[in-house]
Amino acid sequence: MNLFETEFLFCILSGFFLFHSIERLSDEWKRRELVFLWTNITGFGFIITESLLKWGIHSDLWNTDSIFGYITRSNLLLFLSYVTLEERIFTLKPSRRFFVSVFLYLFWVGVLFGIQFFQKTIFVQDNTFILPFAISLGAFIWSREMFWSFEENSPKLGEDSSRLVYLCFLPATFLVLSPWKFEVSFYTKVANILLYGISSQIGFQFVSKFKKESVPAESEIGIWIGAITFSSCLGTEILVVLPLAILSGIFGRLLYSYLSSLSWSEPSIRGVVSFLFPSFLGIFLPFLLTEPKDWVHSPYVLLGVQTLYFLSFYLAGAFSFGLILLNKQK
């Protein structure tokens, strides 16, 4: 495939993120509202980006050079914007809802430029740059559970998304944001990410079978765990990674049970186990799976850089959530 075909394919796949978000909603008016917000934000974003280009302001990271590339990035950031608050966004007044949605979208655009800063200035041990999105999203979800209680409709026990085959492609879709999608090896990396996700799903579901209880969206959670955890170690021997991926799924399922015992809401458990837990593992896994000769820094410097990498995006996410919390309905 050439670059144009790749961007077209990932544009279609990224649309499944948004479809998956809409599919979770039971109220029709919420679905219409979400589509309205997404359409307006994408359209206005395109117009603003094109206007800046006319004034000579151009970014290699965020541009409209390829319409399919722009829509793909926009779809992914809209998905992140929705998952940040999920149905809590509908408790806001319509005007606040729109401005909060725009704020979240701009925050995730800012994360893109934060990734570029670490990539070009500090240098981190991260092959795909998926981790900053997972860390920031995990920070939002953790803060959301701590400070924004919400009455939700309890899902049916055992309701699972295994019927949605496209879920296997969701984590891999973020690879289109990586700087090396021009390379032929891009497709090998995508395949590895999918394999890691499927392996962790096996471990996650193994514990569910052992405990004889299923959880909502267990296929989705299991896939995210492996895909995010091992995204920073692409290129490691596959036979070494797969057992660890299964093990990460097992620990993820145990964490799910622990958070359930604390009476956490199901969306928050799903978010923390899917994003924050694997991103924390992914930050420090290069010390275990990457050869020292391939480290971008000496051991102690690398430890400091990786820790700073995690804390920077975590604190940015938590601070932004604090600003949104000011708009919470009293």
TODO: With rounding to the nearest 0.5 Å, note down the distance linking OG in Ser51 to CZ in Phe44.
DONE: 11.5 Å

TODO: State, without any angle test, whether Ser265 and Glu145 hold a side-chain donor-acceptor pair at a distance under 3.5 Å.
DONE: yes

Task: Any side-chain heavy-atom pair of Tyr256 and Glu266 under 4.5 Å - done: yes

TODO: Could you please spell out the steps behind the side chain to side chain donor-acceptor pair (under 3.5 Å) verdict for Gln205 and Ser214?
DONE: CA-CA 8 Å; Gln205 293 187 326; Ser214 57; over 6 Å; no

Task: Atom pair CD1/CZ of Ile141 and Arg144 - distance to nearest 0.5 Å - done: 5.0 Å

TODO: For Phe8, look at atom CZ and say whether over 12 heavy atoms of other residues, nucleotides or ligands are found less than 6.0 Å away.
DONE: no

Open item on the list: Would you say that more than 12 heavy atoms from the other residues, nucleotides or ligands in this model lie under 6.0 Å from the CZ of Phe280, or not?
Closed with: no

Open item on the list: If you take the centroid of each ring, where Trp contributes its six-membered ring, are Phe174 and Phe17 closer together than 6.0 Å?
Closed with: yes

- [ ] Can you label the angle between the Tyr309 ring and the Phe313 ring as parallel, tilted or perpendicular, going by 30° and 60°?
- [x] perpendicular

Task: Flag for Tyr70-Asn63: side-chain donor and acceptor within less than 3.5 Å - done: no

- [ ] Please work out which of the three classes, parallel, tilted or perpendicular, describes the rings of His297 and Phe123, given edges at 30° and 60°.
- [x] tilted

Open item on the list: Any non-hydrogen side-chain atom of Ser279 less than 4.5 Å from a side-chain atom of Phe310?
Closed with: yes

- [ ] Sequence neighbours left out, what passes ring-ring contact (aromatic ring centres under 6.0 Å, His included) with Phe277? Give chain and number order.
- [x] none

- [ ] Measure the spacing between OG1 of Thr128 and CD1 of Ile115 and express it to the nearest 0.5 Å.
- [x] 9.0 Å

Task: Salt bridge flag under 4.0 Å for residues Arg24 and Glu220 - done: yes

Open item on the list: Checking side-chain polar atoms at under 3.5 Å, does Ser257 have a donor or acceptor matched by the opposite partner on Glu213?
Closed with: no

TODO: Report yes if some heavy atom in the side chain of Ile246 is under 4.5 Å from a heavy atom in the side chain of Phe206; otherwise report no.
DONE: no

Task: Interatomic distance, His58 atom NE2 to Thr49 atom OG1 [nearest 0.5 angstrom] - done: 10.0 Å

TODO: For Trp29, look at atom CH2 and say whether over 12 heavy atoms of other residues, nucleotides or ligands are found less than 6.0 Å away.
DONE: yes

Open item on the list: So, applying ring-ring contact (aromatic ring centres under 6.0 Å, His included) with Phe10, which one of Phe186, Phe16, Phe68 is it?
Closed with: Phe186

- [ ] Decide yes or no for Val102 and Phe99: does some side-chain heavy atom of the first lie under 4.5 Å from some side-chain heavy atom of the second?
- [x] no

Open item on the list: Within the structure provided, determine whether Arg97 and Val100 are in side-chain contact (heavy-atom separation under 4.5 Å).
Closed with: no

TODO: Please check if atom CZ in Phe118 has more than 12 non-hydrogen atoms from other residues, nucleotides or ligands closer than 6.0 Å.
DONE: yes

- [ ] Would you name the heavy atoms of Gln125 and Pro286 that are closest together and state the gap between them?
- [x] CG-CB, 3.4 Å

Open item on the list: Pair Glu86, Arg270 - check salt bridge (charged side-chain N to carboxylate O under 4.0 Å, His left out), show working.
Closed with: CA-CA 12 Å; Glu86 291 192 325; Arg270 185 179 69 240; 2.6 Å; yes

- [ ] Evaluate the ring planes of Phe321 and Phe147, with Trp represented by its six-membered ring, and classify them as parallel (under 30°), tilted (30 to 60°) or perpendicular (over 60°).
- [x] tilted

Open item on the list: Ignoring hydrogens and geometry beyond distance, is a side-chain donor-acceptor pair present between Thr84 and Ser81 at under 3.5 Å?
Closed with: no

TODO: Please report the shortest heavy-atom distance between Ser14 and Thr72, naming the atom on each side.
DONE: OG-CA, 3.6 Å

TODO: Would you indicate whether the side-chain heavy atoms of Trp148 and Thr91 approach each other to under 4.5 Å?
DONE: yes

Open item on the list: Any heavy-atom pair between the side chains of Trp62 and Gln116 that's under 4.5 Å?
Closed with: no

Open item on the list: Does atom CZ (Phe103) have a neighbourhood of more than 12 heavy atoms from anything else shown, all under 6.0 Å?
Closed with: yes

Open item on the list: Is it true that, when you exclude Trp38 itself, more than 12 heavy atoms of the residues, nucleotides or ligands shown sit nearer than 6.0 Å to its CH2?
Closed with: yes

Show every donor-acceptor pair shorter than 3.5 Å between a side-chain atom in residues 227-245 and any protein atom, with sequence neighbours excluded, or say none if there are none.
from	atom 1	to	atom 2	distance (Å)
Thr229	OG1	Ile225	O	2.7
Ser231	OG	Ile228	O	2.9
Ser232	OG	Gly282	O	2.7
Thr236	OG1	Cys233	O	2.8

Task: Of Phe107, Tyr314, Phe275, the residue whose pairing with Phe140 passes ring-ring contact (aromatic ring centres under 6.0 Å, His included) - done: Phe107

Open item on the list: With a 4.5 Å cut-off on side-chain heavy atoms, are Leu302 and Phe287 touching?
Closed with: yes

